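The structure appears below as structure tokens.
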Amino acid sequence: MDVAAFAKAYASAAQARFPGTEVQIEQAATAAGVKVHWVMPDGMQVNQFLGNAYAAYQRAPADIDAIIGAHLDAAPTGQEADPATRRGNILPLVKTTMWLSTSLKQLDAAGIENKEAFITEPLTDELLVAFVEDKADAMSYVAPGELQALGLTREALMPLALDNLRRQLPALTVEGQNGRYGVRADGNYDASFIFLAQEWRERVDIDGEPVVALPARDELLVCGSQDSDSVRALRDMAARIMAQSAYGLSAQLFIWKDGKLVVFND
């Protein structure tokens, strides 16, 4: 695929990503000068030169979708809200270490040199927490380079994210009976409510300490540590959900102990 065809593919992807935009390609004497220009429905204009993206495509043609996607992720999509509003939208999101590894490989494939695209903290050997800005139309990951504009330090990020998540507690629901429950939120941050376990603990009638499963982003399951039948059922359910979910996390069971997520071995 020559640069002109690549630019057309890029422009089509931009129009699909941002419906209602007017997209134009500006050709140039060299690939580095080829530019895609589009106007958002609100009038905002975006320009992206395709030199780096096309060079990345030439190195790995099979990765064209990841390359285009990563460069579109870097495109500004509208006027940023003020820092106070943005801080109020930051939330913790449970992800896998495999997700982080895959994301960094995609950045490599896209020829993007800045690998500090995410701020994460470890939870277990296979899980971590990432920080996202929950916007009206999408969620975007908070990067280290944004902290200054947000008026934040890295140390303040987790407490802030938990305070914002805590505001959603009134909408939290608990489903289930006979010692087995699902803690339900909005489908995006359900698993994140493990961080606030002590604040919903009294809403579940269980035998022993809470044992939880985080099989997917939209699942937080709980039973009691002394209820062996429910522990077995929870373990089977976690494995099944994780295998089927597009946002699978872990098939293991955990307890929340001293501010840490610890694998539960019954």
Side-chain angles (χ1 to χ4, degrees), residues 88-100 120-134 136 138-139 158-266:
N89 292 331
I90 292 174
L91 292 166
L93 186 66
V94 179
K95 301 290 286 185
T96 65
T97 54
M98 183 178 294
W99 161 82
L100 181 60
T120 64
E121 293 185 8
L123 290 178
T124 70
D125 288 344
E126 60 179 344
L127 296 178
L128 53 81
V129 57
F131 299 94
V132 298
E133 187 178 344
D134 192 35
M139 63 172 67
M158 188 63 167
L160 171 70
L162 292 183
D163 282 344
N164 292 338
L165 186 67
R166 190 170 285 112
R167 296 203 308 267
Q168 298 185 16
L169 273 172
L172 202 69
T173 61
V174 176
E175 302 173 356
Q177 58 185 348
N178 300 325
R180 304 170 195 177
Y181 301 93
V183 180
R184 308 294 183 198
D186 66 351
N188 291 317
Y189 303 100
D190 303 49
S192 300
F193 277 91
I194 183 57
F195 300 119
L196 303 180
Q198 293 304 315
E199 299 181 39
W200 51 259
R201 165 68 178 84
E202 294 183 357
R203 299 174 64 179
V204 293
D205 183 14
I206 56 177
D207 184 9
E209 293 302 310
V211 174
V212 299
L214 308 175
R217 187 177 75 183
D218 58 349
E219 294 283 354
L220 173 52
L221 310 176
V222 60
C223 71
S225 58
Q226 301 301 314
D227 184 350
S228 57
D229 288 342
S230 290
V231 168
R232 284 193 294 271
L234 206 68
R235 196 178 293 280
D236 291 343
M237 191 179 302
R240 185 170 64 253
I241 292 173
M242 181 193 172
Q244 297 174 349
S245 175
Y247 299 101
L249 294 176
S250 175
Q252 296 197 81
L253 302 185
F254 304 95
I255 58 173
W256 186 253
K257 183 177 181 181
D258 299 328
K260 295 182 179 180
L261 198 59
V262 180
V263 174
F264 174 75
N265 295 308
D266 53 328

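The structure presented is a predicted model; accordingly, all values stated were derived computationally and were not measured.
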Any chance you could measure Leu169, atom CG, to Glu199, atom CD, to the nearest 0.5 Å?
5.5 Å
To the nearest 0.5 angstrom, please state how far the SG atom of Cys223 sits from the CG atom of Asn178.
12.5 Å
Can you find a pair of side-chain heavy atoms, one from Val174 and one from Arg184, that are under 4.5 Å apart?
no
Closest approach of Arg235 to Phe264 (non-hydrogen atoms, all atoms of both residues):
NH2-O, 3.7 Å
Could you tell me if Ser230 and Arg180 have a donor-acceptor pair between their side chains, going purely by distance under 3.5 Å?
yes
Identify the two heavy atoms, one from Asp218 and one from Gly187, that lie closest to each other, and give their separation to 0.1 Å.
CB-O, 3.2 Å
dist Asp227:CG -> Leu234:CG (nearest 0.5 Å) comes out at 10.0 Å
Heavy atoms, side chains only, cut-off 4.5 Å: are Leu127 and Thr96 in contact?
yes
If only side-chain N and O atoms count, and only distance matters, is there a donor-acceptor pair under 3.5 Å linking Asp134 with Tyr189?
yes
Which atoms form the tightest heavy-atom contact between Pro215 and Ala238, and what is the distance?
CB-O, 3.4 Å
Among Glu133, Arg167, Gln168, find the residue that satisfies the side chain to side chain contact (heavy atoms under 4.5 Å, CB included) test when tested with Leu91.
Gln168
Over all atoms of both residues, closest heavy-atom pair of Phe195 and Pro92:
CE1-CB, 4.1 Å
Got a second to check how far Glu219's CD is from Ser245's OG, nearest 0.5 Å?
7.5 Å
Pairwise side-chain contact, Val231 with Leu253, heavy-atom cut-off 4.5 Å (strictly under):
yes
Could you check whether any side-chain heavy atom of Leu221 comes within less than 4.5 Å of a side-chain heavy atom of Ile241, counting everything from C-beta outward?
yes
Is there a side-chain contact (heavy atoms from CB on, under 4.5 Å) between Leu172 and Phe193 once you walk through the steps?
CA-CA 9 Å; Leu172 202 69; Phe193 277 91; 3.9 Å; yes
Test side-chain contact (heavy atoms from CB on, under 4.5 Å) on Leu93 and Lys95; report intermediate values, then the result.
CA-CA 6 Å; Leu93 186 66; Lys95 301 290 286 185; 3.8 Å; yes
Flag yes if more than 12 heavy atoms outside Asp236 fall under 6.0 Å of its CG atom; otherwise flag no.
yes
Are the charged groups of Lys257 and Glu209 less than 4.0 angstrom apart, N to O?
no
What is the distance from atom CG of Leu196 to atom CZ of Arg201, rounded to the nearest 0.5 Å?
15.0 Å
Hey, does Tyr181 have a side-chain heavy atom less than 4.5 Å from the side chain of Val212?
no
Kindly compute the distance separating CG (Leu100) from CG (Leu128), expressed to the nearest 0.5 Å.
6.0 Å
Do the non-hydrogen side-chain atoms of Leu261 and Ile194 ever get within less than 4.5 Å of each other?
yes
Minimum side-chain heavy-atom gap Glu126-Gln252 below 4.5 Å:
yes
Does Tyr247 have any ring-ring contact (aromatic ring centres under 6.0 Å, His included) partners at least two apart in sequence or in another chain, and if so, which?
none
Less than 4.5 Å apart, side chain to side chain, heavy atoms only: is that true for Val222 and Val211?
no
Over all heavy atoms of both residues, which pair between Leu249 and Ala191 is shortest? Give the atoms and the distance, please.
CD1-CB, 3.9 Å
